[in-house]
Amino acid sequence: MSEPINGFTGFKTHENLPVADGPSAKPPAAPIPPLTLSGEMKFNPEKLALLPQADRRWAWVEVNLNAIRHNVMVTKQAIGPGCRLMAVVKADAYGHGAVQVAKTALNSGAEYLGVATIDEAIELREALINAPILVLAEPPNSAVPLFVAYKVMPTVYTPEFAILYGEEADRHQVRAPYHLKVNTGMNRIGVRPDEVVDFVRRVDFHRALDLVGVYTHFATADCMETLDFHIQAKRFVEAIHMLQAAGINPGIVHAANSAATFRYPEVRFDMVRLGLSMYGLHPCTQTRRVVDLHPAMSVHARIVDVRTVGMSEGVSYGLSYRSPGNVMICTLPIGYADGLRRGLSGRIDMILQGQRCRQVGAICMDYSMYEVNMRVYGNKTRITPQIGNEVLLVGREGESAITIEELANALDTVQHEVTIGFANRIARVHT
């Protein structure tokens, strides 16, 4: 008998199993014909595909595109006319969905898109997004053909890559636009400020190459200490002046990330790069009094299990949490595989019916558990959790709010890392 496809054949026969001996033995039953994908089992894949993601598993992320739109528009208003805005949508738009965010940002006033890899740029091109795209890094030389084919601009800081890029473009009789990265003190990538003129002169003989922008990146724009920031800004301005004095047009000059855009208007130059703040997250406390941002991401789940756990009974791996009694333990189908990091165990809450309820026990790969106190005290209203109740892990309900910043602080990390984590596996819904 042939093997079933992935096991989906209904009941298997037992023709190869031994039969009992003796007078009470019954003759083997007639074999049951298997159900096959091409036989009795009928289904419509297109219809099944319409089942919403949030109904397939009771955990999902919602991304409010109106919040993205608001954040782009208030930034455009702040920087004023004549200054472009680059929407940074690398890392799947910080976990918010690159294609949807890019389209929303462009429709709200952004002129450029910034990504980290050529594959991220290709995803946007294949979604029929035709805006200028800058890869904020110099890729391997072997990736050069992709930049020419998809009309994507690379960051350049080595002559070898620049020449290969120009050669490939010339072979196809097209131009090879690029942005030059200047290392003003972050010491990660880029050309030294005092070497920018020599660098451009070494490559500008190539007829296909076009220097269309020069930029740098600040290491401390979001820090209280300002000395290092001003040193970097001074070096960058001097590099631009050296290029101009040598008769070289730097093209679009840009340096400001989200923090610098709102804290230091003098470094907005020709374009700002809006990353974290486009998603409604403040890079530092100083920007809160300058601009009103709307968080775009919220994290939702529904309760899949509610149970009473007796006093001193443990919950989850290691049983590090012990019930104090008079509590209900609620299980949510979201864990560290979905971005709810294990390091948050015992340090975060959920919001149920407007009240915060603490997370207890170790966060698992696929689940996390929360304690609902059944005792009534003060002016708190007793809540009775039910399977199917929707809760918030990030977001606001009534007077209660849990923010990405709160989770980042609990992990002693940056907000970017938290939002990107929620793109791992969990369903994402754009509203």
Side-chain angles (χ1 to χ4, degrees), residues 71-72 74-80 82-91 94 110 112 114 116 134 136-138 155-157 179-197 199 213-245 250-293 404-405 408-409 412-419:
N71 299 329
V72 171
V74 296
T75 305
K76 285 289 289 184
Q77 185 177 9
I79 63 179
C83 184
R84 296 177 177 89
L85 187 148
M86 175 190 289
V88 180
V89 293
K90 63 181 180 177
Y94 293 35
Y112 249 73
L134 174 65
L136 298 162
E138 185 181 276
T155 290
V156 169
Y157 51 85
H179 287 232
L180 174 65
K181 178 67 177 289
V182 183
N183 171 29
T184 57
M186 192 164 180
N187 293 313
R188 188 171 60 180
I189 58 174
V191 178
R192 286 170 50 94
D194 57 348
E195 295 176 352
V196 292
V197 172
F199 179 90
V214 178
Y215 76 102
T216 194
H217 191 56
F218 295 119
T220 61
D222 57 349
C223 298
M224 286 289 293
E225 181 272 328
T226 63
L227 177 61
D228 287 321
F229 168 82
H230 287 296
I231 290 173
Q232 279 195 264
K234 182 174 181 292
R235 289 171 177 169
F236 184 60
V237 170
E238 290 173 349
I240 298 300
H241 287 165
M242 285 188 287
L243 287 169
Q244 293 170 333
I252 300 171
V253 176
H254 53 111
N257 55 7
S258 291
T261 295
F262 298 113
R263 292 187 70 189
Y264 304 105
E266 66 272 19
V267 298
R268 290 172 182 164
F269 301 118
D270 301 318
M271 182 165 67
V272 301
R273 302 190 299 270
L274 193 66
L276 189 68
S277 292
M278 184 167 64
Y279 307 101
L281 306 173
H282 284 276
C284 55
T285 56
Q286 289 78 13
T287 62
R288 294 184 183 279
R289 57 178 176 264
V290 177
V291 61
D292 174 39
L293 300 174
I404 292 291
E405 183 179 23
N409 289 340
D412 192 26
T413 189
V414 292
Q415 297 175 85
H416 320 52
E417 186 176 357
V418 176
T419 60

Might you work through the side chain to side chain contact (heavy atoms under 4.5 Å, CB included) test for Val214 and Phe236, ending with a clear yes or no? CA-CA 9 Å; Val214 178; Phe236 184 60; 4.1 Å; yes
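- A salt bridge is absent between Arg235 and Glu195; no separation between the charged side-chain nitrogens and carboxylate oxygens falls under 4.0 Å.
- Nearest heavy atom pair, residue Met278 against residue Val89, reads CE-CG1, 4.1 Å.
- For the atom pair Thr155 OG1 and Ile189 CD1, the distance stands at 6.5 Å (nearest 0.5 Å).
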Under the criterion ring pair (Phe, Tyr, Trp, His ring centres under 6.0 Å), I'd like the reasoning laid out for His179 against Tyr112: C-alpha separation, chi angles, the key distance, then a yes or no. CA-CA 13 Å; His179 287 232; Tyr112 249 73; 5.8 Å; yes
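- Atom-to-atom distance recorded for Phe199:CZ and Asp194:CG is 14.0 Å, nearest 0.5 angstrom.
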Might you work through the side chain to side chain contact (heavy atoms under 4.5 Å, CB included) test for Gln415 and Leu276, ending with a clear yes or no? CA-CA 8 Å; Gln415 297 175 85; Leu276 189 68; 4.0 Å; yes
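- Closest approach of Ala233 to Val267, counting heavy atoms only: CB-CG1, 4.1 Å.
- A donor-acceptor pair is defined here as one N or O able to donate and one able to accept, closer than 3.5 Å; such a pair exists between the side chain of Arg263 and the backbone of Ala221.
- Within the 3.5 Å criterion, the main-chain N or O of Ala408 finds no donor-acceptor partner in the side chain of Thr413.
- Gln286 places none of its side-chain heavy atoms less than 4.5 Å from the side chain of Val290.
- Side-chain contact between Ile404 and Leu281 is present, with heavy atoms from C-beta onward closer than 4.5 Å.
- A donor-acceptor pair under 3.5 Å links the side-chain atoms of Glu138 to the main chain of Tyr157, judged by distance alone.
- Not one N or O on the side chain of Gln77 forms a donor-acceptor pair closer than 3.5 Å with the backbone of Gly80.
- At distances below 3.5 Å, not a single donor-acceptor pair connects side-chain atoms of Glu238 with backbone N or O atoms of Ile240.
- In this structure, the side chains of Tyr215 and Leu136 come closer than 4.5 Å at one or more pairs of heavy atoms.
- Tyr264 and Thr226 form no side-chain donor-acceptor contact under 3.5 Å, judged by distance and modelled atom types alone.
- Proximity of Ser277 to Pro283: side-chain heavy atoms (C-beta onward) are separated by under 4.5 Å at one or more points.
- In this structure, the side chain of Gln232 engages the main chain of Ala219 through a donor-acceptor pair within 3.5 Å.
- Between the side chain of Thr419 and the main chain of Tyr94, a donor-acceptor pair closer than 3.5 Å is present.
- Between the side chains of His254 and Arg268, not a single donor N or O lies within less than 3.5 Å of an accepting N or O.
- Taking CZ of Phe218 as the start and CZ of Arg273 as the end, the distance is 8.0 Å to the nearest 0.5 Å.
- Nearest heavy-atom pair, Ala256 versus Thr261, reported as atom, atom and distance to 0.1 Å: CB-OG1, 3.6 Å.
- Judged by distance alone, the side chain of Asn71 and the main-chain N or O of Leu293 form no donor-acceptor pair under 3.5 Å.
- Val197 is listed as a side-chain neighbour of Leu243, based on a closest heavy-atom distance under 4.5 Å.
- Here the side chains of Asn183 and Thr216 are not in contact, with every heavy-atom distance at 4.5 Å or above.
- One distance of note links CZ of Phe269 with CD1 of Ile79; it measures 13.5 Å at 0.5 Å rounding.
- A side chain to side chain contact (heavy atoms under 4.5 Å, CB included) with Met86 holds for exactly one of Leu274, Leu134, Ile252; it is Leu134.
- Using a 4.5 Å cut-off on side-chain heavy atoms (C-beta onward), His416 and Lys90 make no contact.
- Side-chain contact of Thr287 with His282: a donor-acceptor pair under 3.5 Å is present, judged by distance alone.
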